[in-house]
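Following: one structure in structure tokens, then a few remarks.
Order of the sequence lines sets the chain letters (A, B, ...), proteins ahead of strands, with each chain counted from 1. Values in this document were obtained by computation on a predicted structure and should not be read as measured data.
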There are 2 protein chains.
Amino acid sequence: MNTRFAVAVHVLTLLQSQRGEPATSEWIAGSVNTNPALIRRLLSQLARAGLTQSRMGAGGGALLAKPAQDIDLAQVYRAVAEDAEVIPIHASPNPRCPVGRNIQAVLERRIDAAQRALEAELARTTIADLDKDIARRARR
Amino acid sequence: MNTRFAVAVHVLTLLQSQRGEPATSEWIAGSVNTNPALIRRLLSQLARAGLTQSRMGAGGGALLAKPAQDIDLAQVYRAVAEDAEVIPIHASPNPRCPVGRNIQAVLERRIDAAQRALEAELARTTIADLDKDIARRARR
DNA sequence: GACAAGTGTAACCGCAGTAGTTACAGAAAA
DNA sequence: TTTTCTGTAACTACTGCGGTTACACTTGTC
């Protein structure tokens with residue numbers, strides 16, 4: 001997997017910390033320590049998933065598309081991972097071998113269950129939770 | 001992630017289906033549909049984790065190092081994934097930003113929990129389970 | 001209306017990890 | 001002693017990723 005999920009969570013938490021003020025991709029890139037174009041690419045992915053929205057033109061920038069407590073990490077994960085699998089299965093085992101013929105189907109069930117468990121755990125945290133965590137940490 | 005986990009599970013299930021007969025890397029590669037050297041590379045990783053053992057020389061090959069019901073998929077996952085993270089965190093966010101300074105620590109806790117959930121789910125299945133699944137499927 | 005400040009997206013680069021492959025030294029059975 | 005294996009190093013081709021530049025387009029402001 002790539003670091004897009006972590007960056008996306010970073011960006012969303014940053015937007016929440018702005019409390020409604022639009023954030024420019026350049027400013028966001030400054031906090032993530034990367035390139036504005038890369039942030040815009042990520043933001044358009046998040047916008048497509050209904051997590052953010054952007055205002056174009058001068059004074060524009062990115063905003064959360066819904067309250068932070070309604071955005072959980074599983075949503076972010078799905079928005080960003082798209083169809084990439086956590087644990088991929090190897091292609092084309094030998095169909096003339098009993099194990100080769102059946103291993104994919106048998107293994108897929110277990111991997112799907114594991115991925116569901118991962119997402120269920122992620123779903124327990126929202127952007128609002130992380131915002132609070134960070135506020136608590138920053139206070140000391 | 002790569003397909004090594006899936007291939008490892010395939011190989012282990014194959015060894016179990018041999019009921020004690022050593023399997024050569026060439027034969028295994030035939031079922032996986034890949035290269036013997038690649039299988040040997042994987043097998044030495046599994047041997048280091050105590051899941052398989054190999055007999056060298058003529059008539060040699062690979063064997064399970066312990067009963068199939070004592071090998072669960074979480075063990076295989078750890079043997080093969082080594083220190084690769086399911087969900088990596090981006091490096092070097094800006095320490096002068098409150099969010100940038102704290103996001104890694106805050107996010108890491110949640111990702112660790114998610115990974116534990118994934119492994120816990122994987123731990124519920126053993127190689128013996130898969131062997132049975134395949135036997136059941138092959139019977140019809 | 002012109003300008004400045006933004007977004008969205010395409011195109012490209014270098015790097016790193018992966019699967020695949022060849023080659024060969026060493027071990028062990030026949 | 002020959003044959004059949006393993007273990008491992010070395011190399012290649014491919015792919016995906018993060019990073020970067022470039023540019024058309026949108027919008028607020030003077």
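Of the residues in residues 11-31 of chain B, not one places a heavy atom less than 4.0 Å from an atom of DNA chain C. Only at 4.0 angstrom or more do the heavy atoms of residues 84-102 of chain B sit from any atom of DNA chain C, so none qualifies.
Annotation: side chain of R41(B) is not in contact with side chain of Q45(B) (no heavy-atom distance under 4.5 Å). Counting heavy atoms from C-beta outward, V106(B) and T13(A) have side chains that stay 4.5 Å or more apart. Counting only heavy atoms from C-beta outward, the side chains of L63(B) and P22(B) approach each other to under 4.5 Å. The side-chain heavy atoms of I127(B) and L51(B), taken from C-beta on, include no pair separated by under 4.5 Å. At a threshold of 4.5 Å between non-hydrogen side-chain atoms, the residues L38(A) and V32(A) do not count as touching. Residues K132(A) and R136(A) meet the side-chain proximity criterion, which asks for heavy atoms closer than 4.5 Å.
Chain B approaches DNA chain C within less than 4.0 angstrom (heavy atoms of the protein), and the contacting nucleotides run 5' to 3' from dT18(C) to dA29(C).
In this structure, the side chain to side chain contact (heavy atoms under 4.5 Å, CB included) partners of R101(A), at least two apart in sequence or on a different chain, are P98(A). Remark: A123(A) engages D72(A), A74(A) in a side chain to side chain contact (heavy atoms under 4.5 Å, CB included) (not counting sequence neighbours).
For residues 50-70 of chain A, the side-chain hydrogen bond (donor to acceptor under 3.5 Å, both in side chains) pairs, not counting sequence neighbours, are K66(A)-Q75(A). Here salt bridge (Lys or Arg N to Asp or Glu O under 4.0 Å) pairs that include residues 29-40 of chain B, with residues two or more places apart or in two chains, number zero. Pairs passing the ring-ring contact (aromatic ring centres under 6.0 Å, His included) check and including a residue from residues 95-121 of chain A, sequence neighbours excluded, do not occur. The list of salt bridge (Lys or Arg N to Asp or Glu O under 4.0 Å) pairs with a residue in residues 7-26 of chain B, not counting sequence neighbours, reads R19(B)-D131(B).
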Give the C-alpha distance, both sets of side-chain angles, the deciding distance and a yes or no for side-chain contact (heavy atoms from CB on, under 4.5 Å) between L130(B) and Q16(B). CA-CA 10 Å; L130(B) 296 184; Q16(B) 166 61 7; over 6 Å; no
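Bending across the helix from dG1(C)-dC30(D) to dA30(C)-dT1(D), expressed as the angle between its end axes from five pairs apiece, amounts to 10° (10° rounding).
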Return all side-chain donor-acceptor pairs below 3.5 angstrom for residues 3-12 of chain A, not counting sequence neighbours, or 'none' if the list is empty.
from: H10(A); atom 1: ND1; to: H90(B); atom 2: NE2; distance (Å): 2.9
from: H10(A); atom 1: NE2; to: S31(A); atom 2: OG; distance (Å): 2.8

Footprint string (nucleotides 21-30 of chain D, 5' to 3'): B base within contact, S backbone only, - free, heavy atoms under 4.0 Å: BB---BBS--
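Between the CD atom of Q53(B) and the C1' atom of dC5(D) there is a distance of 16 Å, given to the nearest Å. Counting to the nearest Å, the C1' atom of dG19(D) and the CG atom of N2(A) are 14 Å from each other. With rounding to whole Å, F5(A) atom CZ is found 16 Å from dC17(D) atom P. If you measure from atom CG of L46(B) to atom P of dT8(D), you get 13 Å, rounded to the nearest angstrom.
The line from CD of E121(B) to CG of D112(A) is 10.5 Å long, rounded to the nearest 0.5 Å.
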